[in-house]
Each structure stands twice: as structure tokens, then as C-alpha cells.
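A short worksheet on the structure shown next.
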Amino acid sequence: MLLVGETVDAVWVDHALRLLFSNGSRVVLECPFSLGRSPDTATMIDPEGDKSGLVPALRLHTLEVTAAHATGSTLTMAFSDGSRLTAGPHPEFESWHYSGPETPPTMIVMMPGGGPAVWLHHDPTGQESAERVRSLLLAYLDTLPAQRTAVLRQQAEAVRAVRETAPRIWDVVLAEAPRADFADGPLPGSLAYRTDEAPLAGEVLVWMRDGRIDSVELPWFTTEMPAGLPRPEQLIRDAVGGDGAQGVR
């Protein structure tokens, strides 16, 4: 599920509770679920019960998802304020749904009595981009001191999907991985790339946010913006400066 790192942009209430996330994903909760910061303090919330009981769920608005997974018939989500949502199956009704941001979306519907119905999004081009960004990240981390990159390498291996959100900028979606002790902003590595037309076409920037790899940016030095992600053989280590005049090997 592509939820980690996304924020709850809207909470809708009708006969169900619907959470809309910043990347367009949705989670629909139709049956009672628990919400709280610990099992001892968790509250059972019934979307079709007394609406005043939904107040704890409304507080999820604007929070970031820090963990999300489905195990068996149970959905578990954790949020940046420390709260945890758990939704299990119902013996008679569909209990929860997940719809991803892809086109067409990955969908999970928890069926009556337990057991999911799953429709997986298949996008060979998107998967190829995710693999290319994962390889790009690992090559970039090779330019940093090895003793500082162990956690970052775990994050690079945890890349689940990428989205090109601006020219030459790919947002990174990670599976669960530990946070790294790096400040927000670009990492201090040094990696450039060439194209078939230019011996030095641009550089690679890896941006961090809240201890996690957030995005990969590929500024270009050429007149025309390069197309696509660089291939492994097009990467240039130890680049100095953005004008390409010297210091590259």
C-alpha cells in the first residue's frame, strides 16, 4: 500500500469513514475499528454509530502516515502523532477497502468473514522507473562515507514506487525502513551523469525529509532537458561544479 509518507488530506463521514491521502490513495472503513496510541488506550469506533464517537478519527486530518500494512485480514496504520489504527474483518460485511494512487489503482477489499479480494496495478514502465531510481540511489550512496550510509542503503532497497512530480524530479515512495540521522535537504554526495549527446549533462541530488529519502532531482547543464533517467554506465562520480569545466573523472 502506497501510504507511508503521505498525509491525511481529508476525512469524509457518511455511512463509512473515508480517509483521503495526499497522493490520491483512499482507505474506507465501514465496520468498527480501533484507534489509539496504545492497546490499553485504544478506542473502538463504529462509523455507523454515534457520530460523536468519530472525533478521535477526525484528529487524523493532516497527520502523516508512518507505517501501513495489511497482514492476513487486518489493516494496521500508524501516524505521526503516535496513534495507531487497526481494522479487522467482519463476519457479515465488507469491513475495509484500500484504493491506491495508480491508474488503474491497486485495490484491496476485505470480504465478509475475512480474506481479501485484491486487484493489483501492473505498470511495467513504473516498475522500471522504480528500479532505475533504486540503482541511482545506491550509486549515489557509493560517493558517501560507507559508515554513514547503512540506514540510507536500507531505504534505497525499500523503494516501492516513484512519481515524476516536476521536470527531472522523482518523489520516492518507501516501504517501512528505519530513519537516518541526516538533516532535511540534499545529501552531501557527488554524482553526475552524461547522455549520449553530452559528456556532462547534469548532476544528481538526493533530498531528505524527516530522516527519509524524499526525492531524487536531476538538474541539467545542457540547453535541452535530457529525457528519462540515466543508465548505470552514464553515471559520473566525483563531479565538481555544475558548469562541467573541470574536476570530473
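All figures in this text were calculated on a predicted structure; none of them were measured in a lab.
Here the rule is side-chain contact (heavy atoms from CB on, under 4.5 Å) with Y193, and of L200, L229, L235 only L235 fits it.
Looking only at side-chain heavy atoms (C-beta outward), V27 and L75 come within less than 4.5 Å of each other. Between E203 and L191 the shortest side-chain heavy-atom distance does not fall below 4.5 Å. Side-chain contact between V162 and V173 is absent, with no heavy-atom pair separated by less than 4.5 Å. Residues T106 and W119 are not in side-chain contact: their nearest non-hydrogen atoms beyond the backbone lie 4.5 Å or more apart.
Qualifying side chain to side chain contact (heavy atoms under 4.5 Å, CB included) partners for Q234, counting only residues two or more places apart in sequence or in other chains: R194, D196, P230, R231. In this structure T66 satisfies the side chain to side chain contact (heavy atoms under 4.5 Å, CB included) test together with A78, S80, R179, sequence neighbours excluded. For P186, the side chain to side chain contact (heavy atoms under 4.5 Å, CB included) test picks out W207, with sequence neighbours left out. Under the rule for a salt bridge (charged side-chain N to carboxylate O under 4.0 Å, His left out), the partners of R132 that lie at least two apart in sequence or sit in another chain are E128. By the salt bridge (charged side-chain N to carboxylate O under 4.0 Å, His left out) test, R163 pairs with E6, sequence neighbours left out. For D14, the side chain to side chain contact (heavy atoms under 4.5 Å, CB included) criterion is met by A16, R18, not counting sequence neighbours. With sequence neighbours left out, H90 forms a ring pair (Phe, Tyr, Trp, His ring centres under 6.0 Å) with F93. Scored by the side-chain hydrogen bond (donor to acceptor under 3.5 Å, both in side chains) test, S99 finds no partners at all (sequence neighbours excluded). Under the rule for a salt bridge (charged side-chain N to carboxylate O under 4.0 Å, His left out), the partners of R134 that lie at least two apart in sequence or sit in another chain are E131.
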Practice task
Report the C-alpha distance between L136 and W170 in whole Å, list the side-chain angles of each, state the deciding distance to 0.1 Å, and finish with yes or no for side-chain contact (heavy atoms from CB on, under 4.5 Å).
Solution key: CA-CA 12 Å; L136 192 62; W170 284 264; over 6 Å; no

Practice task
Using the side-chain contact (heavy atoms from CB on, under 4.5 Å) rule, take I45 and L17 through it: C-alpha gap first, then chi angles, then the decisive distance, then the call.
Solution key: CA-CA 10 Å; I45 298 176; L17 182 81; 5.8 Å; no

Problem - V151 vs F182, side-chain contact (heavy atoms from CB on, under 4.5 Å): CA-CA, chis, key distance, verdict - result: CA-CA 10 Å; V151 174; F182 282 88; over 6 Å; no

Problem - Derivation of the side-chain contact (heavy atoms from CB on, under 4.5 Å) call for V204 and E217 - result: CA-CA 6 Å; V204 179; E217 181 179 0; over 6 Å; no

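Put simply, M1 and V28 are part of two different groups of oily side chains (I, L, V, M, F, W, Y) that touch within less than 4.5 Å, one to the next. Residue L60 is grouped with residue V13 when hydrophobic side chains (ILVMFWY) are merged at heavy-atom distances under 4.5 angstrom, including chains of intermediate members. Tracing side-chain contacts under 4.5 Å through hydrophobic residues (I, L, V, M, F, W, Y), one reaches F21 starting from L58; they form part of the same cluster. Hydrophobic clustering places M77 together with V118 (ILVMFWY residues linked when any side-chain heavy atoms are closer than 4.5 Å, directly or through intermediates). In the hydrophobic cluster analysis, where Ile, Leu, Val, Met, Phe, Trp and Tyr join through side-chain heavy atoms closer than 4.5 angstrom, L54 is grouped apart from L20.
Closest of all the heavy-atom pairs between L174 and I213 is CD1-O, 3.8 Å. The minimum heavy-atom distance between W220 and P167, with the atom names listed, is CZ3-O, 4.3 Å. Of all the heavy atoms in P199 and I236, the pair that sits closest is O-CD1, 3.3 Å. Across all their heavy atoms, L63 and S83 have their closest contact at CD1-OG, 4.5 Å. Of all non-hydrogen atoms in A57 and V11, the two that sit nearest each other are O-CG2, 4.2 Å. In plain terms, the two heavy atoms of G211 and D184 that are nearest each other are N-OD1, 4.4 Å.
The main-chain N or O of H69 is never found under 3.5 Å from a side-chain atom of T76 such that the two would form a donor-acceptor pair. Side-chain N or O atoms of Y98 include none that pairs as donor or acceptor with a backbone N or O of R26 at under 3.5 Å. W96 places a side-chain N or O within 3.5 Å of a backbone atom of S73 that can act as its donor or acceptor partner. Here the side chain of T7 pairs no donor or acceptor atom with the backbone of D9 at under 3.5 angstrom. Checked by atom type and distance alone, the side chain of T71 never pairs as donor or acceptor with a backbone atom of T74 at under 3.5 Å. Distance alone, capped at 3.5 Å, places no donor-acceptor pair between the D214 side chain and the D171 backbone.
Other residues sharing a hydrophobic cluster with V4 under the 4.5 Å side-chain heavy-atom criterion for ILVMFWY residues do not exist; the residue is a singleton.
Here the CD-OG1 distance, from E197 to T223, works out to 12.0 Å after rounding to the nearest 0.5 Å. From L218, atom CG reaches atom CD1 of I169 across 9.0 Å, with rounding to the nearest 0.5 Å. Here the straight-line distance linking atom CZ of F79 with atom CG of L85 works out to 5.5 Å at 0.5 Å rounding. Distance check, rounded to the nearest 0.5 Å: CD of E30 to CD of E94 gives 6.0 Å. Here L19 contributes atom CG and L29 contributes atom CG; the two are 6.0 Å apart, rounded to the nearest 0.5 Å. A distance of 6.0 Å separates CD in Q155 from CZ in R212, rounded to the nearest 0.5 Å.
Sorted by first and then second residue, the pairs that involve residues 145-161 and meet salt bridge (Lys or Arg N to Asp or Glu O under 4.0 Å), not counting sequence neighbours, are D142-R153. For residues 32-50, the pairs satisfying side chain to side chain donor-acceptor pair (under 3.5 Å) are S38-T41, D50-S52, with sequence neighbours left out.
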